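Following: one structure in structure tokens, then a few remarks.
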Amino acid sequence: MREWVMIDLRRLLESRLSTAFAVLDPDADPVLRPSDRADFQANGALALAKRLGRNPREVAEEIRSHLDLDGVCSLVEVSGPGFINLSLDPSFLAAELAAAATDGLAVPAEGPPLRVVVDYSHPNVAKEMHVGHLRTTIIGDALCRILAYCGHEVIRENHIGDWGTPFGMLIEHLLDIGESEAAQELSVGDLTSFYRQARASFDADEDFKERSRRRVVLLQSGDEETLRLWRILVAESVGYFNEVYRKLGVTLSDDDIVGESFYNADLPALVEELRQKGLLVESDGALCVFPPGFVTREETPLPLIVQKSDGGFGYAATDLAAIRDRVGRLKADLIWYVVGAPQEQHLAMCFAVAKMAGWLGDGVIADHVAFGSVLGADHKMLKTRAGESIKLVSLLDEAVARAREALDERSSELGDEEQAAVARAVGIGAVKYADLSTERTRDYVFDWDRMLAFEGNTGPYLQYAHARICSIFRRSASARPAARPPRLDAPQERDLAVALLGLPEAVRTTVRDRAPNRLCTYLYELAAVFTTFYEQCPVLRAESAELREDRLLLCSLTAAVLATGLGLLGIEAPERM
RNA sequence: GCCCCCGUAGCUCAGUGGAUAGAGCGGCUGCCUUCUAAGCAGAUGGUCGCAGGUUCGAGUCCUGCCGGGGGCGCCA
């Protein structure tokens with residue numbers, strides 16, 4: 001484990017409070033919350049008083065008398081009907097800041113380090129990545145970075161759609177237009193027209209349809225020539241995905257690709273295992289498992305179809321094989337599926353069947369990290385099929401173009417190359433933050449101006465705060481932060497200190513709720529508190545050398561927390577903008 | 001028909017059962033000879049979809065409605 005980690009203010013106070021509450025009731029919850037009257041408030045005395053049949057203020061007072069917060073809080077008082085208000089001691093805050101400044105921003109892990117498999121992004125071969133892929137890719141990537149930061153071992157899995165019946169038609173289309181032409185089309189990312197043309201031929205041409213069906217059979221039977229053509233489709237598409245990932249600044253690489261086809265060889269054995277465990281039921285010619293609690297429209301049991309009546313395997317089979325593989329081979333403790341909310345029932349069924357088969361359980365947990373849909377102006381889901389989807393790359397390119405425009409307006413002294421790099425950081429940062437900062441499970445209506453806003457609660461606002469701090473240090477070569485605990489006399493300094501020490505809690509709750517928007521909110525509030533400080537507390541022109549050094553320490557830490565936090569979200573923190 | 005998610009300011013959204021529900025955007029008032037105005041300060045803006053219930057206390061938990069989205073056997 002790490003030698004030194006930042007203090008988690010919330011957990012420290014909670015543990016001290018629990019000790020004091022325990023004198024009256026060992027199981028009492030202090031109900032610690034942030035407060036606008038103090039730094040924190042404990043509300044637990046009210047519920048406890050009710051349970052004990054006593055006066056709440058009296059109970060609160062009694063708890064207060066048992067509280068040991070020497071050196072942590074400078075003021076603890078009972079207020080209102082029985083709230084316990086806690087104000088942190090400035091010298092305690094200062095000491096923790098100084099420690100963070102010398103020892104770094106490592107955060108304490110909650111519980112033992114785990115091996116976590118994160119399944120995200122999963123685009124489909126020969127299909128365009130559209131704005132709908134943004135959510136899984138960005139949220140999944142941020143969660144991976146955050147988990148790793150907390151000391152967990154992260155295994156990224158990009159479960160790409162590289163198998164199934166559509167490949168018959170895609171391969172036939174590839175043959176029709178010629179291999180080199182197809183490779184060209186796919187590599188430049190013109191996947192939409194490729195897929196649509198294949199689809200159009202399939203729908204319009206009986207002969208093509210028949211060839212496609214035969215091609216699927218050849219593919220599944222392992223025909224070498226067919227596999228070779230299939231590999232062209234996969235390789236060109238993956239090359240294109242990597243291009244998008246590079247633009248997006250996502251940590252996925254070829255090593256993380258574990259497509260559906262990866263499990264092909266496992267599927268017969270998987271079916272056999274289910275059969276031996278007595279879970280398999282034949283229904284209308286298909287091999288199914290009926291997990292309890294799932295019903296159809298007609299209230300009849302709903303099957304998870306493992307093997308179709310034609311002998312083929314569907315996605316349920318590969319999803320089950322993936323669970324089995326992740327637990328068996330990868331030894332995962334935890335599996336996160338960053339998958340859209342509409343697939344909730346399907347995943348719940350897979351998890352249920354995996355539990356029935358004994359693949360899940362024994363401390364292995366699979367969780368659906370669901371996210372809401374991206375909707376069009378008509379409030380319906382944006383879908384590739386409907387032809388109204390927006391290409392992910394178009395969004396990214398537009399974002400960078402708008403950021404470049406904004407930068408050019410500011411007559412910056414940056415060279416062309418750095419200007420372009422900053423434009424990328426700002427544009428992509430805006431898009432990522434716009435997505436990450438909305439509550440995960442909520443649907444949102446796609447809006448260019450919202451995704452590409454650079455003002456207010458946006459990625460660029462956070463980057464701007466960071467860049468302003470860098471500018472202070474750039475301006476003065478002699479700018480040295482204090483090596484000692486800073487005085488925190490001004491309220492803006494004190495507010496900033498409390499905000500800076502909120503990082504561990506922000507990271508912890510982000511992981512607990514698998515909610516990057518919590519980290520976004522924290523960073524936005526930190527940046528806002530900093531900006532107030534920046535407006536009202538001169539740094540380089542502070543009245544004394546000591547004050548200047550103290551404020552430089554606050555600046556330096558703020559820049560570090562912002563850069564770290566943005567990094568955890570997968571957003572760059574340029575030094576100028 | 002059944003199940004899941006969502007409903008908070010004009011718009012987009014935060015809000016772990018606690019005190020007076022918060023931001024941003026748009027609109028209104030101010031602020032760049034002073035460390036980056038992608039900023040700051042201020043004012044305005046709310047029957048938290050509706051109705052019951054649980055609770056000392058409900059935007060938050062429960063039930064029922066209304067509205068929106070999604071899912072419900074061989075597509076992924």
Side-chain angles (χ1 to χ4, degrees), chain A residues 31-37 41 43-44 46-47 49-50 56 79-83 85 122 124 161 163-166 260 283-288 294-310 312 314-316 318-319 340-346 348 370 372-373 375 379-381 403 406-407 409-410 412 426 430 434 437-439 441-445 447 449-450 453-458 460-461 463-465 467-476 479 509 512-513 517-518 520-521 524-525 528 531-532 534-542 551 555 576-577:
Chain A
V31 193
L32 186 67
R33 299 285 182 268
S35 177
D36 47 358
R37 315 277 179 109
Q41 62 182 61
N43 305 329
L46 285 96
K50 179 71 182 170
S79 161
F83 301 111
N85 290 346
H122 40 250
N124 290 315
W163 203 255
T165 45
E260 293 171 340
S283 173
D284 296 336
L287 298 177
C288 310
F294 296 90
V295 292
T296 66
R297 209 182 294 251
E298 289 79 28
E299 307 270 309
T300 57
L302 180 67
L304 189 68
I305 296 170
V306 181
Q307 191 165 12
K308 298 185 286 182
S309 53
D310 67 0
Y315 60 105
T318 45
D319 283 343
Q343 290 197 53
E344 185 180 86
Q345 188 182 49
H346 166 69
S373 309
L375 309 178
H379 282 240
K380 305 242 170 162
M381 278 178 73
L407 275 166
E409 277 170 17
R410 277 160 236 271
S412 153
V426 171
S437 62
T438 64
E439 208 273 328
T441 59
R442 208 175 151 113
D443 295 350
Y444 69 76
V445 175
D447 175 30
D449 291 335
R450 181 182 149 266
F454 299 152
E455 286 161 20
N457 186 357
T458 63
Y461 176 85
Q463 293 171 320
Y464 186 61
R468 285 169 122 182
I469 299 171
C470 292
S471 171
I472 290 177
F473 284 99
R474 206 163 39 238
R475 247 164 208 286
S476 170
T509 55
R512 183 195 64 199
D513 299 338
N517 72 302
R518 290 198 174 274
C520 293
T521 300
Y524 175 68
E525 280 167 5
T531 306
T532 301
Y534 180 87
E535 294 282 336
Q536 296 180 37
C537 301
V539 179
L540 294 177
R541 278 183 301 277
R551 288 181 174 167
C555 286
R576 306 169 195 248
M577 59 185 279

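This structure is a prediction, so every number in the text was calculated from the model and none was measured. In what follows, every heavy atom counts, from backbone to side chain, and hydrogens, waters and symmetry copies are set aside.
Counting any heavy atom pair closer than 4.0 Å across all strands shown, A:V31 reaches no nucleic acid atom. At a threshold of 4.0 angstrom between heavy atoms, the contacts of A:S471 include nucleobase atoms, whether or not backbone atoms are also involved. At a threshold of 4.0 angstrom between heavy atoms, the contacts of A:N43 include nucleobase atoms, whether or not backbone atoms are also involved. Note on A:S309: a base of the nucleic acid sits closer than 4.0 angstrom, heavy atoms only. Among the atoms of the strands shown, base atoms are found under 4.0 Å from some heavy atom of A:C537. Among the protein residues, A:G314 comes within range of the sugar-phosphate backbone only, with heavy atoms under 4.0 Å from sugar or phosphate atoms but none that close to a base. Using a 4.0 Å heavy-atom distance criterion, A:A341 is classed as making no nucleic acid contact. Using a 4.0 Å heavy-atom criterion, one finds that A:S476 contacts no nucleic acid atom at all. Counting non-hydrogen atoms under 4.0 angstrom, A:P342 reaches the backbone sugars and phosphates but no base.
A donor-acceptor pair under 3.5 Å links the side-chain atoms of A:D443 to the main chain of A:S373, judged by distance alone. Side-chain N or O atoms of A:R33 include none that pairs as donor or acceptor with a backbone N or O of A:N43 at under 3.5 Å. Without hydrogens or angle criteria, A:T458 side chain to A:Y461 main chain gives a donor-acceptor distance under 3.5 Å. For the pair A:S476 (side chain) and A:I472 (backbone), a donor-acceptor distance under 3.5 Å is absent.
Counting heavy atoms from C-beta on, the side chains of A:L304 and A:H346 come closer than 4.5 Å.
Rounded to the nearest 0.5 Å, atoms CZ (A:F454) and CE (A:M577) are 8.5 Å apart.
Each of A:P81 and A:G164 was assigned the nucleotide of RNA chain B with the nearest heavy atom; the assignment lying further toward the 5' end belongs to A:P81. Mapping A:Q536 and A:E298 onto RNA chain B via the closest heavy atom, the residue that lands nearer the 5' end is A:Q536.
Checked by distance alone, A:D36 brings no side-chain donor or acceptor within 3.5 Å of a matching partner on the base of B:A21. In terms of polar N and O atoms assigned as donor or acceptor, the side chain of A:Q41 comes within less than 3.5 Å of the base of B:A19 in a complementary pairing. Scanning atom types as modelled, one donor and one acceptor separated by under 3.5 angstrom connect the side chain of A:S79 and the base of B:A19.
When the side-chain nitrogen and oxygen atoms of A:Y461 are compared with OP1 and OP2 of B:C40, one or more of them lie within a distance under 4.0 Å. The phosphate of B:A76 (OP1 or OP2) has no side-chain N or O of A:Y315 nearer than 4.0 angstrom. The side chain of A:R297 contributes no N or O atom lying less than 4.0 Å from OP1 or OP2 of B:G71. Contact between the side-chain N/O atoms of A:T532 and the OP1/OP2 oxygens of B:A41 is found at a separation under 4.0 Å.
Taking all atoms of both residues into account, the shortest heavy-atom contact from A:V426 to A:Q463 is CA-OE1, 3.5 Å.
Base-pair partner of B:G42: B:C28 (Watson-Crick or G-U wobble, both distances under 3.5 Å). Pair assignment for B:C74: none, as no Watson-Crick or G-U wobble contacts are both less than 3.5 Å. B:C61 is paired with B:G53 under the criterion used here, namely a Watson-Crick or G-U wobble arrangement in which both key atom distances are under 3.5 Å. In this structure, B:U20 forms no base pair with any nucleotide, since neither Watson-Crick nor G-U wobble geometry is met with both distances under 3.5 Å.
With both ends at atom P, the span from B:U63 to B:C2 equals 15 Å, rounded to whole Å. Taking atom P in both B:U47 and B:G59, one finds a spacing of 14 Å when rounded to whole Å. Comparing B:G73 with B:G64, their P atoms sit 24 Å apart, to the nearest whole Å. For B:G15 and B:U60, the P atoms lie 15 Å apart once the distance is rounded to whole Å.
Taking only side-chain atoms of A:E299, from C-beta outward, the nucleotide of B:C2, B:U36, B:G39 with the closest atom is B:C2. For A:R475, the listed nucleotide lying nearest its side chain is B:U36; candidates were B:U36, B:G69, B:A19. For A:R518, whose side chain is taken as the heavy atoms from C-beta onward, the closest listed nucleotide among B:U8, B:G15, B:C35 is B:G15. When each of B:U34, B:U36, B:C40 is scored by its nearest atom to the side-chain atoms of A:Y464, the top-ranked nucleotide is B:U36.
Glycosidic conformation of B:C32 is syn; the angle stays within 90° of 0.
The CG-C1' distance, from A:D310 to B:G73, rounds to 13 Å in whole Å. Atom OH of A:Y524 is separated from atom P of B:U12 by 18 Å (rounded to the nearest Å). Atom CG in A:N457 sits about 16 Å away from atom C1' in B:G26, given to the nearest Å.
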